[in-house]
Amino acid sequence: MTDNVTRAAEILKGHRESIDRLDAILVYTLGERFKHTQAVGKLKAEHDLPPSDPTRESSQIARLEDLANRADLDPEFAKNFLNFIITEVIHHHKKHQE
């Protein structure tokens, strides 16, 4: 290998190690988030509250879009990601009410 290729391989390895650490952070963060949303779902079921809160969901999406803009992340991606999470949370909340 040439020096440039070797150096590129070292840089690539460093990026991949960082990506792996960040993936672990994301998974553990989502796990923690879902622990809290499960507790919210149980609380809502116990008090006969609706599984969905469209007002909160809208404000959370707006908040996340703002955070995404400040983090230099595509806000549409951030919005789609949060919508996916919200859909999963509502699904879990509905399970608690069955």
Side-chain angles (χ1 to χ4, degrees):
M1 276 196 218
T2 67
D3 287 342
N4 286 340
V5 173
T6 301
R7 179 69 184 133
E10 290 171 4
I11 293 169
L12 181 61
K13 182 178 183 264
H15 285 304
R16 287 180 172 164
E17 288 170 352
S18 290
I19 289 167
D20 291 350
R21 285 190 300 274
L22 291 165
D23 286 346
I25 290 167
L26 286 171
V27 168
Y28 280 99
T29 300
L30 285 171
E32 187 67 20
R33 188 185 195 286
F34 275 95
K35 285 177 194 172
H36 289 284
T37 60
Q38 289 287 348
V40 167
K42 289 176 185 173
L43 186 65
K44 284 182 173 185
E46 290 168 5
H47 296 280
D48 203 26
L49 297 169
S52 175
D53 183 347
T55 303
R56 166 127 172 104
E57 292 156 21
S58 293
S59 71
Q60 284 297 94
I61 288 170
R63 179 178 160 271
L64 193 72
E65 284 179 308
D66 179 56
L67 288 169
N69 281 318
R70 288 191 269 149
D72 199 26
L73 177 68
D74 177 6
E76 193 61 30
F77 170 79
K79 187 169 106 174
N80 290 339
F81 183 70
L82 185 61
N83 277 326
F84 172 77
I85 291 172
I86 288 170
T87 300
E88 284 297 306
V89 168
I90 292 169
H91 175 72
H92 290 195
H93 287 186
K94 286 179 179 176
K95 279 185 175 177
H96 289 297
Q97 294 190 345
E98 294 174 354

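Basis for what follows: all heavy atoms, side chains included, without hydrogens, waters or symmetry-related copies. Because the structure is predicted, anything quoted here is derived from the model rather than measured.
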Peer 1: Taking atom types as modelled, find out whether R56 and S59 have a side-chain donor-acceptor pair closer than 3.5 angstrom.
Peer 2: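 Result is no, nothing qualifies.
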Peer 1: Taking atom CD1 of I61 and atom CG of N80, what is their separation to the nearest 0.5 Å?
Peer 2: 9.5 Å
Peer 1: From H93 NE2 over to K42 NZ, what is the distance, rounded to the nearest 0.5 angstrom?
Peer 2: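 NZ of K42 is found 10.5 Å from NE2 of H93.
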Peer 1: Using side-chain heavy atoms (C-beta onward) and a distance below 4.5 Å, is L43 in contact with E46?
Peer 2: yes
Peer 1: Please identify each residue that fulfils ring pair (Phe, Tyr, Trp, His ring centres under 6.0 Å) with H91, with sequence neighbours left out.
Peer 2: none
Peer 1: Given I86 and I90, is the side-chain contact (heavy atoms from CB on, under 4.5 Å) satisfied, shown in steps?
Peer 2: CA-CA 6 Å; I86 288 170; I90 292 169; 3.7 Å; yes
Peer 1: So that I can tick it off, tell me whether D20 and R16 are bridged by a salt bridge, with the cut-off set at under 4.0 angstrom between side-chain N and carboxylate O.
Peer 2: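 Between D20 and R16 there is no salt bridge, as every charged N stays at least 4.0 Å from the carboxylate O atoms.
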Peer 1: Compare all side-chain heavy atoms of T6 with those of E10 and state whether any distance is below 4.5 angstrom.
Peer 2: yes
Peer 1: Could you pull out the closest heavy-atom pair between L64 and A78, with the gap in Å?
Peer 2: CD2-O, 3.0 Å
Peer 1: Report yes if the side chains of T37 and H92 come closer than 4.5 Å at any heavy-atom pair, otherwise no.
Peer 2: no
Peer 1: Could you check whether K13 pairs with E17 (Lys NZ or Arg NE/NH1/NH2 to Asp/Glu carboxylate O, under 4.0 Å)?
Peer 2: yes
Peer 1: Given side chains that start at C-beta, do those of E32 and Y28 come closer than 4.5 Å, heavy atoms only?
Peer 2: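 No - every pair of side-chain heavy atoms lies 4.5 Å or more apart.
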Peer 1: Are any side-chain N or O atoms of E57 and backbone N or O atoms of D53, one a donor and one an acceptor, separated by less than 3.5 Å?
Peer 2: yes
Peer 1: Grab the two heavy atoms, one from A68 and one from P75, that are nearest each other, plus how far apart they are.
Peer 2: CB-CA, 3.8 Å
Peer 1: Tell me, yes or no, whether the heavy-atom count around K94 atom NZ, taken from other residues, nucleotides or ligands under 6.0 Å, exceeds 12.
Peer 2: no
Peer 1: Hey, could you give me the CG/NE2 distance between L22 and H15, rounded to the nearest 0.5 Å?
Peer 2: 12.0 Å
Peer 1: Do R33 and V89 come within less than 4.5 Å of each other through their side chains, counting heavy atoms only?
Peer 2: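 Side chain of R33 against side chain of V89, heavy atoms only: contact under 4.5 Å found.
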Peer 1: For the CZ atom of F81 and the CG atom of L26, what is their distance to the nearest 0.5 Å?
Peer 2: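 Nearest 0.5 Å value for the CZ-CG distance: 6.5 Å.
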